[in-house]
Amino acid sequence: MCGIVGYIGEQQASDILIPSLKKLEYRGYDSAGVAILGDDGFLHLRRRAGKLINLDTSLHEEPIKGILGIGHTRWATHGPPSERNAHPHQVGGIAVVHNGIIENHAELRNELKALGADIQSDTDTELVAHLIDREIRQGAAFHEAIRKAVARIEGVYALAVTSKDHADELVAIRKSSPLIVGLGDGENFLASDVPAIIKYTNKVIYLEDGDFAVLRREGVTIYDMKGDEQKRMPKTIQWNPVAAEKEGHKHFMHKEIFEQPRSLISAVEGRINVEEANVQFPDSGLEMIDAREVQRVMLIACGTAWHAASIGRLYIEALSGIPCEVDLASEFRYRDPIVPPGSVCIVVSQSGETADTLAALREAKRLGAKSIAVCNVPESSIARTADAVCYTNAGPEIGVASTKAFVTQVAVLFLLGVWFGRRNGRLTADEAREHLEEITRMPFRIQEVLAVEDHIREIARWSKGTRGFLFIGRHLNHMIAMEGALKLKEISYLHAEGYAAGEMKHGPIALIDEEMMVIAIAPRMPTYDKMLSNIEEAKARGGKVLAICTRGDTTVATRADQLIEIPPCPPMMVPLLTVIPLQLLAYHIADLQGTDVDQPRNLAKSVTVE
Ligand code: AGP
């Protein structure tokens, strides 16, 4: 959600800022802009509503020459997407870009208006620019003016500020919104996330809350808000820049779906020892949790990660016997959760920056729970806040619709189930060995499902004209039904519902007619017979039925209109397979519709506001 970039060096700032912003497009945005300190000594603003190409074209037609600048992609929160509301916002000689939300914006707006400020936009960000400008006009030096202004604002922010009178520096501040500094040679970079700058440098400093970073050509100094210098060790990012490219695929989502066998291997490798029937998470901090003392596990997440967490609940209960509960992060704090001694909270998040999940994690910790993050992005806020972190190792996920992150979350939660079960004595060595052997076979089975892509593309064509989609499944596949529906709706904008199949008769069956497609997830597992009845019920009401079934199932074949087969596998492993055709189906339906698959409308990759 929103992206910040900054550059100070010897190259043309626009040549760095635009490609860097392009790499942040995946976060979701609806307008973009840059402020460049021109060679003429003036700040030049260029902003455009819509896609980055509009800004890029404008800068090609009318370049701004200058070697220091800040840039931004905006996801509208205060005021509609428009050029007027796009960042940066300039007041006097300073320009500001901002991610996050200023909570006391109404009060500040009234106060500034009363003082005669000429406020041009609907944004909360412009108010920060006014506050800084006022301080400067009242005699404060540049840094002091920023500090005084920031002291007035409440909420969540990452800010970058540039001044026409300080051609040798740009300033960045963070509070609960990610910001990193990239260290170059005679040049330095600022960004919301690694992909923006990995092409230029792999040495980064992750700013911490309350950091006040001053970027100059020759180096970067970090202070706290009082002005005392802080030591921050740079980290070397191991990502290969190619990982953030499409590599011949039409969309990132397509590439990421096909990366899943490899991602699954990365999620489990180095963590399981089949012979010893053991699971370990080296360097995770997990060993500080004594599994024998754990009385309850609370799993908390949003969206797709919540679907993975819901599967994790069934895994942990089945493998370790520890009672679990699952919460949507946005709801957790508002139900006054009871957190007795012996509670462990597991938060699941691809980005590690989801505001609701982070807030829920903080609340669970405050109430005394030990915490584990199942997270994909190293050094993210959630990874740094939790007591222990089990990284999913999926590699960068750029498509807004989460695919490989989901599969790796499910795999890591399964391993955590075995980890708890082995340590609290619930799971025997033989049982654990059998489970662990099975997960090592899953990448090959996923490969087999991916191989039927052409057939799935045909089914996507066949579904044309469908008014709505009802995904149904039971037990572990109930969550896969919800995940399949979420994938479809977020990238195709078609109406889709995911339901527990047993709930059909309690309402959703009323939706079924010839224009409704029912996607029944019915592989061979203990709930199979019940799913067969659900398929019959849907057919009897005229619905088109697509069944996801186990290879060679002739019974389902006689009842459904279309089939997608998956290889046989034990019930616990089934969600890792049944989700794959649903991802591909959503992808091909969306692609046929011609939607923006990687950056669907209104969505952001990481939801950093509550
Ligand atoms: C999935 O396709 C979504 N775009 C979304 O539901 C996502 O899973 C959710 O916002 C949680 O994000 P996180 O995993 O980064 O916390």
Side-chain angles (χ1 to χ4, degrees), residues 2-27 29-75 81-99 120-121 123 125-126 129 142 159-172 181-182 184-193 195-201 215-218 241 244-245 599:
C2 300
I4 287 180
V5 296
Y7 175 74
I8 181 163
E10 283 169 1
Q11 306 188 55
Q12 285 303 313
S14 60
D15 292 346
I16 305 289
L17 298 177
I18 298 297
S20 299
L21 284 175
K22 270 208 139 317
K23 295 288 180 206
L24 295 182
E25 279 189 302
Y26 74 93
R27 295 166 71 89
Y29 72 105
D30 40 48
S31 54
V34 292
I36 294 172
L37 184 54
D39 294 342
D40 56 6
F42 289 99
L43 267 179
H44 294 270
L45 236 63
R46 187 72 53 81
R47 304 179 294 184
R48 291 292 178 266
K51 290 287 174 190
L52 207 47
I53 184 78
N54 301 341
L55 178 67
D56 195 11
T57 308
S58 153
L59 285 166
H60 270 105
E61 286 167 3
E62 215 182 312
I64 307 175
K65 298 247 175 267
I67 53 177
L68 181 163
I70 53 179
H72 192 262
T73 44
R74 172 177 187 253
W75 191 87
S82 63
E83 194 167 315
R84 186 173 62 89
N85 285 330
H87 300 203
H89 291 279
Q90 181 178 0
V91 178
I94 63 120
V96 176
V97 290
H98 161 228
N99 287 357
Q120 303 277 330
S121 73
T123 66
T125 308
E126 187 189 343
F142 183 40
L159 292 163
V161 188
T162 177
S163 158
K164 82 170 177 47
D165 300 318
H166 295 84
D168 56 343
E169 64 182 37
L170 62 90
V171 174
V181 170
D185 188 8
E187 57 183 357
N188 289 300
F189 308 83
L190 183 71
S192 301
D193 201 356
I197 54 172
I198 190 75
K199 187 172 153 200
Y200 310 111
T201 177
L215 282 74
R216 299 196 174 87
R217 251 159 235 109
E218 62 281 8
E245 304 294 340
Q599 293 153 40

Quick one: [atom1] on [X] to [atom2] on [Y], what's the gap to the nearest 0.5 Å?
{"X": "Leu170", "Y": "Leu215", "atom1": "CG", "atom2": "CG", "result": "5.0 Å"}
{"X": "Leu45", "Y": "Ile36", "atom1": "CG", "atom2": "CD1", "result": "9.5 Å"}
{"X": "His44", "Y": "Ile64", "atom1": "NE2", "atom2": "CD1", "result": "7.0 Å"}
{"X": "Lys23", "Y": "Ser192", "atom1": "NZ", "atom2": "OG", "result": "15.5 Å"}
{"X": "Gln11", "Y": "Ile67", "atom1": "CD", "atom2": "CD1", "result": "10.5 Å"}

[X]: which residues meet the side chain to side chain contact (heavy atoms under 4.5 Å, CB included) condition with it, sequence neighbours left out?
{"X": "Glu169", "result": "Phe142, His143, His166, Val171, Val214, Arg216"}
{"X": "Ala172", "result": "Leu179, Leu190, Leu207, Ala213"}
{"X": "Thr125", "result": "His87, His89, Val96, His98, Thr123"}

Are the side chains of [X] and [Y] in touch, meaning some heavy atoms are under 4.5 Å apart?
{"X": "Tyr29", "Y": "Gln599", "result": "yes"}
{"X": "Asn85", "Y": "Ser31", "result": "no"}
{"X": "Tyr26", "Y": "Pro195", "result": "yes"}
{"X": "Lys51", "Y": "Asp56", "result": "no"}
{"X": "Ile70", "Y": "Ile4", "result": "no"}

Does [Y] offer a backbone N or O that forms a donor-acceptor pair with the side chain of [X] under 3.5 Å?
{"X": "Thr201", "Y": "Gly184", "answer": "no"}
{"X": "Arg46", "Y": "Leu55", "answer": "no"}
{"X": "Gln90", "Y": "Gly92", "answer": "yes"}
{"X": "Glu218", "Y": "Gly186", "answer": "no"}
{"X": "Thr57", "Y": "Ile53", "answer": "yes"}

Measure across [X] and [Y] and return the closest heavy-atom pair with its distance rounded to 0.1 Å.
{"X": "Leu68", "Y": "Ala167", "value": "CD1-O, 3.3 Å"}
{"X": "Ile197", "Y": "Phe189", "value": "CG2-CB, 3.7 Å"}
{"X": "Leu43", "Y": "Gly93", "value": "CD1-O, 3.3 Å"}
{"X": "Gly3", "Y": "Leu21", "value": "O-CD2, 4.2 Å"}
{"X": "Arg74", "Y": "Ala86", "value": "CD-CA, 4.0 Å"}
{"X": "Arg48", "Y": "Ser58", "value": "NH2-OG, 3.3 Å"}

Tell me the salt bridge (charged side-chain N to carboxylate O under 4.0 Å, His left out) pairs involving residues 6-22, sequence neighbours left out? Lys22-Glu25
Quick one: which residue pairs count as a salt bridge (charged side-chain N to carboxylate O under 4.0 Å, His left out) with a foot in residues 29-45, not counting sequence neighbours? none
Can you check side-chain contact (heavy atoms from CB on, under 4.5 Å) on Ser20 and Tyr7, steps first, answer last? CA-CA 10 Å; Ser20 299; Tyr7 175 74; over 6 Å; no
Partner residues of Arg47 under the salt bridge (Lys or Arg N to Asp or Glu O under 4.0 Å) criterion, sequence neighbours left out: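 Salt bridge (Lys or Arg N to Asp or Glu O under 4.0 Å) list for Arg47, sorted by chain: empty.
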Can Leu59 and Leu17 be said to form a side-chain contact (heavy atoms from CB on, under 4.5 Å), step by step? CA-CA 11 Å; Leu59 285 166; Leu17 298 177; over 6 Å; no
For Glu187, is there an ion pair with Arg217 - N to carboxylate O distance below 4.0 angstrom?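 Salt bridge between Arg217 and Glu187, a charged N being under 4.0 Å from a carboxylate O: no.
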